[in-house]
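Written below as structure tokens is the structure these notes are about.
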2 protein chains.
Amino acid sequence: MTEITTDQSLAMLAALAQETRLEAFRLLVAEGPDGLPAGDVARIVGVPSNTMSTHLAILERAGLIASQRSGRSIVYSARLDAMKALVLYLVQDCCKGQPGLCGEVAAMLDPASSCARPETQH
Amino acid sequence: MTEITTDQSLAMLAALAQETRLEAFRLLVAEGPDGLPAGDVARIVGVPSNTMSTHLAILERAGLIASQRSGRSIVYSARLDAMKALVLYLVQDCCKGQPGLCGEVAAMLDPASSCARPETQH
DNA sequence: GTGACATTTCGATGGTTGTAGAAATGAGGG
DNA sequence: CCCTCATTTCTACAACCATCGAAATGTCAC
């Protein structure tokens with residue numbers, strides 16, 4: 001996920017442009033690669049589990065989080081590579097107009113070396 | 001605009017999470033600091049001028065673009081500093097969970113950030 | 001002043017979205 | 001099999017949003 005289309009960016013932006021979802025996503029990012037069961041996310045954020053379920057589905061469809069069954073629970077975790085791709089997309093827009101302004105950031109994110117996930121992808 | 005609240009980020013994300021607005025914003029970014037009159041933006045993107053006017057107002061309220069009268073026209077231009085602040089906000093979320101992952105990006109966009117890794121840089 | 005032009009505001013409409021109760025699906029444990 | 005727990009789907013509803021025609025506002029030239 002180092003290249004990204006406008007449609008994908010649109011889906012990610014729409015997924016993050018909602019208070020409950022942004023909060024859930026930030027929680028999952030803060031929780032790290034181990035993630036958190038859907039129920040815990042709902043409880044911490046403070047919404048019913050079915051409501052959170054739809055939000056998590058939207059985040060997952062946008063590619064921003066991943067899900068994995070673990071016993072009775074479904075554990076969600078943030079996909080930082082997707083986040084990186086979104087940031088890259090936004091910064092590349094900057095570059096197009098003014099190469100000197102955000103060029104360093106784009107160059108840093110693009111090689112996938114300095115910011116890449118160290119462990120295995122799911 | 002180097003610090004940014006969650007509400008502001010939410011407004012920016014919502015402003016960009018819409019096809020017509022994202023297209024208009026990218027157009028303004030590509031156009032550079034001189035910007036473009038509202039009518040030109042509407043014509044190029046291909047929507048009526050009143051529709052584009054509401055979209056430009058939303059982008060401006062989010063802080064992503066600026067407006068300036070020039071004769072009969074109102075010229076809009078992208079605010080790259082706001083864009084940078086949004087990217088910084090997103091990347092700082094990354095840092096919170098995994099400091100080693102996107103720390104260099106945060107440090108580059110805002111050297112005073114708590115995410116920076118001072119001992120290994122430079 | 002009048003007229004032409006650029007843009008915004010008003011108003012209405014159709015579509016989308018966030019929310020949550022109720023029911024259904026799935027996964028252990030006995 | 002039966003029960004319980006975790007999560008998702010189904011369904012409905014209220015609120016919001018994108019769109020655009022029509023009218024209003026503001027600006028310049030004459």
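Keep in mind that the numbers below use all heavy atoms, side chains included, and drop hydrogens, waters and symmetry copies.
The distance from atom CD of B:Gln68 to atom P of C:dA6 is 19 Å, rounded to the nearest whole Å. One atom, CD of B:Gln18, and another, P of C:dT17, lie 11 Å apart when rounded to the nearest Å. Atom CZ of B:Arg69 and atom P of C:dT7 are 8 Å apart (whole Å). As a whole-Å value, the separation of B:Glu60 CD from C:dT9 P is 10 Å. Summarising the geometry, the separation between CG on B:Asn50 and P on C:dA12 is reported as 16 Å, rounded to the nearest angstrom. Atoms CD1 (A:Ile74) and C1' (C:dT25) sit 10 Å apart, rounded to a whole Å. Atom CE in A:Met52 sits roughly 9 Å away from atom P in C:dT19 (whole-Å rounding). For the pair B:Leu59 CG and C:dT7 P, the interatomic distance rounds to 16 Å; values are reported in whole Å.
A distance of 8.5 Å separates CG of B:Leu16 from CZ of B:Arg21, quoted to the nearest 0.5 Å. Atom-to-atom distance recorded for A:Glu23:CD and A:Met52:CE is 7.5 Å, nearest 0.5 angstrom. A distance of 8.0 Å separates CG of A:Leu59 from CG of A:Leu28, quoted to the nearest 0.5 Å. Here CG of A:Leu10 is found 10.5 Å from CD1 of A:Ile4. Values are rounded to the nearest 0.5 Å.
Remark: B:Asp40 engages B:Arg43 in a salt bridge, criterion side-chain N to carboxylate O under 4.0 Å.
The phosphate of C:dA20 has OP1 or OP2 within less than 4.0 Å of a side-chain N or O from A:Thr51. Within the structure, a side-chain polar atom (N or O) of A:Thr20 is placed less than 4.0 Å from OP1 or OP2 of C:dT19.
A:Arg21 comes within 4.0 angstrom of sugar-phosphate atoms only, judged by non-hydrogen atoms across all strands, and of no base. Residue B:Ser73 is classed as a sugar-phosphate contact, given heavy-atom separations below 4.0 Å to backbone atoms only.
Scanning DNA chain D 5' to 3' for nucleotides with an atom closer than 4.0 angstrom to a non-hydrogen atom of chain A gives a first and last hit of D:dT4 to D:dT9.
Hydrophobic clustering, with ILVMFWY side chains joined whenever heavy atoms are under 4.5 angstrom apart, groups B:Tyr89 together with A:Val91.
Applying the side-chain contact (heavy atoms from CB on, under 4.5 Å) test between B:Tyr76 and each of B:Gln68, B:Glu31, B:Glu60 identifies B:Glu60 as the sole match.
With C:dA20, C:dA27, C:dT8 as the choices, the nucleotide that has an atom nearest any side-chain atom of A:Arg72 turns out to be C:dA27. With distances taken from any side-chain atom of A:Ile58 to the nucleotides C:dT8, C:dG18, C:dA20, the minimum falls on C:dG18.
When each of A:Ser70 and A:His55 is assigned the nucleotide of DNA chain C with its nearest heavy atom, A:His55 is the one assigned upstream, toward the 5' end.
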